[in-house]
Amino acid sequence: MIRLLTICTLSVALTGPALAATKWAATPDPEAIAWSGRQGENAEAFTGHCANFVADIAFDPAALAASAVTVTIDMASCATGEAKKDQYLPMEGWFNVAGYPKAVFEAKHFRHAGGNKYVADGTLTLKGTTKPVTLPFTLDIEGDKAHVVGETVLQRLDFGVGGGQLSGSAVAAPDVKVAIDLHAVKQ
C-alpha cells in the first residue's frame, strides 16, 4: 500500500509541471480588440475598438490541454470614433452597457492547426447571452514576448445586439468581424 501511494505521489509530482501552461501579461493597447461591420443600404463599412480589457492568459503550445484564456472587455470602452454611432452604441438596443457592462471571452480548448496556427474553441458572453465562438489565430513567440493575431465573425443578432426594429440589414449587417492583434510578455 505504501509503495502504491509513493508511486502515485511521484507520478503526480513528475507530471504536474509538464501540465502547467505559461502565464502571459497582455501589453495594454486600445486597438488590440477591433471589430468591423457594414451599415445601411449602401453597406458602408465601419470599424470600432474596445480599448479597455483585462486578459488572463495561460498558454503554452506544448501544453494545450492546460492552456486557458479569459478576456473581460469593458463595453463602455467600445467605440467607432464616429460621434453619432458612439452615442447609440451604449444604449439598450445595441450594447446595453448599463445592463451588461462587461463582455467575456473564455477559451479552455485549443487545437494546433500547423506551424504557428492555432484555434481557440471558447464562448463569448455578451449582453447576458453566451454562445460558442471559434477563434483561429497565429502565435509568434520570441523569447519572453508573444504576438497573437486572430479573426472571427460573430452574428450580432445571436447576442441581441441591434435586435427588434434594429435587426434589419438596412440598419446594419448581421455579421460583425472581430479581430485580435495582441502583444504579451511572459510572467
Side-chain angles (χ1 to χ4, degrees), residues 26-57 69-107 109-111 113 115-140 146-184:
T27 304
D29 180 352
E31 296 187 0
I33 300 174
W35 46 276
S36 61
R38 297 206 164 276
Q39 170 193 337
E41 297 293 331
N42 298 328
E44 178 185 325
F46 66 94
T47 60
H49 295 90
C50 296
N52 298 328
F53 62 92
V54 175
D56 183 11
I57 305 167
V69 172
T70 301
V71 179
T72 304
I73 300 166
D74 175 3
M75 294 304 292
S77 76
C78 298
T80 66
E82 295 179 40
K84 191 168 187 172
K85 283 184 181 69
D86 292 343
Q87 176 185 350
Y88 290 110
L89 279 179
M91 293 183 170
E92 186 176 344
W94 293 102
F95 290 153
N96 190 4
V97 172
Y100 304 98
K102 307 287 182 204
V104 179
F105 173 75
E106 292 182 280
H109 302 285
F110 297 88
R111 296 177 272 140
N116 69 342
K117 297 177 182 176
Y118 296 87
V119 177
D121 295 308
T123 59
L124 175 65
T125 302
L126 176 63
K127 284 188 74 175
T129 300
T130 302
K131 296 282 184 183
V133 171
T134 299
L135 176 65
F137 65 95
T138 60
L139 170 66
D140 294 303
H147 183 207
V148 175
V149 176
E151 188 175 290
T152 193
V153 175
L154 303 176
Q155 298 299 310
R156 67 179 176 88
L157 298 174
D158 288 351
F159 297 95
V161 176
Q165 67 185 24
L166 302 172
S167 64
S169 58
V171 175
D175 54 324
V176 176
K177 181 171 66 171
V178 178
I180 309 301
D181 190 343
L182 180 78
H183 293 269

Checklist line | Heavy-atom closest contact (C78 atom, I73 atom, distance) | finding: SG-CG2, 4.0 Å
Check: Taking all non-hydrogen atoms of both residues, which atom of V69 and which atom of F110 are closest, and how far apart?
Finding: CG2-CZ, 3.8 Å
Margin query: When you measure from the side chain of K127 to the backbone of V97, do you find a donor-acceptor pair of N or O atoms at a distance under 3.5 Å?
Written below: no
Notebook entry, point to check: Minimum heavy-atom separation for L89 to W35, with atom names?
Noted result: CD1-CH2, 3.8 Å
Check: Can you check whether L135's main-chain N or O pairs, donor with acceptor, with T152's side chain at less than 3.5 Å?
Finding: no
Checklist line | Within-4.5 Å side-chain heavy-atom neighbours: E151 and K177 | finding: yes
Check: Is a side-chain N or O of R38 found less than 3.5 angstrom from the main chain of P174, in a donor-acceptor match?
Finding: no
Check: Do the rings of H183 and H147 sit parallel, tilted or perpendicular, given the 30° and 60° boundaries?
Finding: parallel
Next item on the list: For the residue pair Y118 and F137, categorise the inter-ring angle as parallel (less than 30°), tilted (30 to 60°) or perpendicular (more than 60°).
Entry: parallel
Notebook entry, point to check: Can you tell me how far the NZ atom of K117 sits from the OG1 atom of T138, to the nearest 0.5 Å?
Noted result: 8.5 Å
Check: Between D86 and G81, is there a donor-acceptor pair closer than 3.5 Å when you use the side chain of the first and the backbone of the second?
Finding: yes
Notebook entry, point to check: What closest approach, in Å, do A26 and L182 show between heavy atoms, and which atom pair accounts for it?
Noted result: CB-CD1, 3.8 Å
Checklist line | From OG1 (T123) to CZ (F105), nearest 0.5 Å | finding: 7.5 Å
Checklist line | Neighbour count above 12 (heavy atom, 6.0 Å) for E92 CD | finding: no
Note to self: Rounded at 0.5 Å granularity, tell me how far OG1 in T125 sits from OH in Y100.
What the structure shows: 11.5 Å
Notebook entry, point to check: Would you say the side-chain atoms of T47 and S36 include a donor-acceptor pair closer than 3.5 Å?
Noted result: no
Check: What are the two closest non-hydrogen atoms of F159 and L126, and how far apart are they?
Finding: CD2-CB, 3.7 Å
Check: When rounded to the nearest 0.5 angstrom, what is the spacing between CG in D175 and CG in L157?
Finding: 10.0 Å
Check: Can you name the nearest heavy-atom pair linking H49 to P30, along with the distance?
Finding: CB-O, 3.5 Å
Checklist line | CE-CG distance between M91 and L166, expressed to the nearest 0.5 angstrom | finding: 11.0 Å
Check: What's the verdict on side chain to side chain contact (heavy atoms under 4.5 Å, CB included) for L124 and L154, showing C-alpha distance, side-chain angles and the deciding distance?
Finding: CA-CA 10 Å; L124 175 65; L154 303 176; 3.6 Å; yes
Next item on the list: Mark yes or no for whether R156, through its side chain, and V161, through its backbone, hold a donor-acceptor pair below 3.5 Å.
Entry: yes
Next item on the list: Go through the steps for V149 and I180 under the test side chain to side chain contact (heavy atoms under 4.5 Å, CB included), then give the verdict.
Entry: CA-CA 5 Å; V149 176; I180 309 301; over 6 Å; no
Margin query: With side chain to side chain contact (heavy atoms under 4.5 Å, CB included) as the criterion, how do R111 and D121 come out once you've worked through the C-alpha distance, each side chain's angles and the decisive distance to 0.1 Å?
Written below: CA-CA 8 Å; R111 296 177 272 140; D121 295 308; 2.8 Å; yes
Item checked: Atom pair CG/CG of L139 and N116 - distance to nearest 0.5 Å -> 7.0 Å
Next item on the list: May I ask you to establish whether K85 and F46 are in a cation-pi arrangement, using a distance under 6.0 Å from NZ or CZ to the six-membered ring centre and at most 45° from the ring axis?
Entry: yes
Next item on the list: Quick one: do I33 and E31 satisfy side chain to side chain contact (heavy atoms under 4.5 Å, CB included)? Show the steps, please.
Entry: CA-CA 5 Å; I33 300 174; E31 296 187 0; over 6 Å; no
